[in-house]
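Before any comments, here is the structure.
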Amino acid sequence: MNHSRLSSIKRKADDLAKLSMNQHLRLAVTGLSGAGKTAFITSLVNQLLMGAENHQLPLWQLAREHRFLGAKRIPQPHLHLASFDYQGGIDALQSQPPCWPSPTHGVSEIRLKLRYTPQSLFWRKLNHSATLNLDIVDYPGEWLLDLPLLNMNYAQWCEHIALSLKDSRKAQLAEHWQSLAQQLDIQQSANELQIADIAKAYTEYLHQCKRELGMHHIQPGRFVLPGELAGAPVLAFFPISPALAAAKTNNKDSTLTLLNQRFEYYKEHVVKQFYQQHFVKFDRQIVLVDCLTPLNSGHDSFSDMQLAVNQILHSFNYGQSGILRRLFSPNIDKLLFAATKADHVTPEQHSHLVSLLSEVVAEGKRHVKFEGINTSTVALASIKATQTGKAQLNGESINALKGILQSDANNQQPTTLFPGEVPSSLPKQNFWQQQGFEFSPFQPPQANPYSALPHIRIDQAIEFLLGDKFK
Ligand code: GDP
């Protein structure tokens, strides 16, 4: 074979190698607000950017086999999306005293280029390193709670909200916006200012449900996490009495017409658009769940969190939901459930946390698996804020945690505590009677610019979510 033919074959082999050795993956991170999305992405990016020098990732095969060559941040693909503020998060963790990164409130993304040595001898002989462009996308789980709205009209939604007000605590909080709404003559021409005021009162009611009752299952989700829609008229609507909502109106400018129009607009341009513009493009998904704060807050908060998380999982249940089938064809093939903030419990409790989370998501997980999506469950701490040690209790030595409580940020004195036992299955009545769990937020550790953030099992998450891409 002559020289030019040989080099042409070599060039073709090289091109082929480059093609198959440049992969792309879009990883979505979600969870209810406070679940730990911002902390997770900050730590994940940090672990990857620390590159081959990061020796804290033994559960990630690529790192263990010394085939991970490093990562760098490159420009994100979607210029209209907010960038995930990685540097802001790191600055907060490096400040004195260190603070948790400020949470995000909408969709944001960050792109990393990961370089590695492929496993296959063939590619290695060709002396090629390979790359994976990884997009990490953060979005609020609350936005997925709006899915059921697509099956309702305005009157049905009002009916649904009226039913939820059978809970006397919610009914009490609802008094203000309800009394404002009752003053409206919905058949008369709409007064924009009055409508905006009532929508504001309704939004405040939703915030109070979150704050005071520890509720997570909030609809419409964008009202509490509006992202770029803050102040837009599409969020200026609210439920009214179901009987009035079902009435006919001949006035095309009436309040009733306007409320109906805004509800429909919200479904079409806010809810559906999120699925069509973002959800359809995700390849892998991690759903973060904070089981510990609701364990602390009590039975109703815990049940509500369970309801909300399972509602979130309906969005991965393409087959069951005709709407989703019509909106897009699914892409996600792996979904990880992660119980966050595992550093709030002693290590022997981690298996309890995993089995508790498995029960919390059991219903949703069945459907997700039916769709052929590969799932797994892990307990992790994105940024480990405590150390494990021993303490004496009634003359006995027990495992305990040591860390600086957020409430001690002024005096920087560490506290040693035993937070209580995590139930390994859904808590029974006696758990709530004894209120056996104590959750107090810890200050994050002081970040060191030269080493990766301390974590628990973030490498296990990386292995599940990305591991198969590095063959
Ligand atoms: P997001 O709203 O889902 O983005 O939640 P964040 O990431 O902002 O986390 C909310 C709060 O949870 C933080 O401010 C921390 O107090 C706490 N947190 C999150 N991740 C961890 C973790 O790994 N360990 C500990 N101890 N606390 C965490």
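As the structure lists them, so they are numbered: ligands from 1, and atoms in each ligand from 1. One-based numbering along the sequence shown.
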Residues in contact with ligand 1, criterion: heavy atom under 4.0 Å: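 Near ligand 1, by chain and number: Leu32, Ser33, Gly34, Ala35, Gly36, Lys37, Thr38, Ala39, Trp100, Pro103, Lys341, Asp343, His344, Ala381, Ser382, Ile383, Ala385.
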Tell me which pairs pass salt bridge (Lys or Arg N to Asp or Glu O under 4.0 Å) where either residue lies in residues 196-210, with sequence neighbours left out.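 Applying salt bridge (Lys or Arg N to Asp or Glu O under 4.0 Å) to every pair that reaches into residues 196-210, excluding sequence neighbours, yields Glu142-Lys210, Glu204-Arg211.
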Answer yes or no: is there an ion pair linking Asp146 with Lys267, defined by an N-O contact shorter than 4.0 Å? no
Going by the ring pair (Phe, Tyr, Trp, His ring centres under 6.0 Å) test, which pairs reach into residues 440-460, not counting sequence neighbours?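 Non-adjacent pairs meeting ring pair (Phe, Tyr, Trp, His ring centres under 6.0 Å): His344-Phe442.
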Say whether Gln413 and Asp408, considering side chains only, have a donor N or O and an acceptor N or O under 3.5 Å apart. no
Could I get the full list of ring pair (Phe, Tyr, Trp, His ring centres under 6.0 Å) partners for Phe302, not counting sequence neighbours?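 Phe302 satisfies ring pair (Phe, Tyr, Trp, His ring centres under 6.0 Å) with Trp432 only.
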Of all heavy-atom pairs between Leu353 and Cys291, which one has the smallest distance, and what is that distance? CD1-CB, 4.3 Å
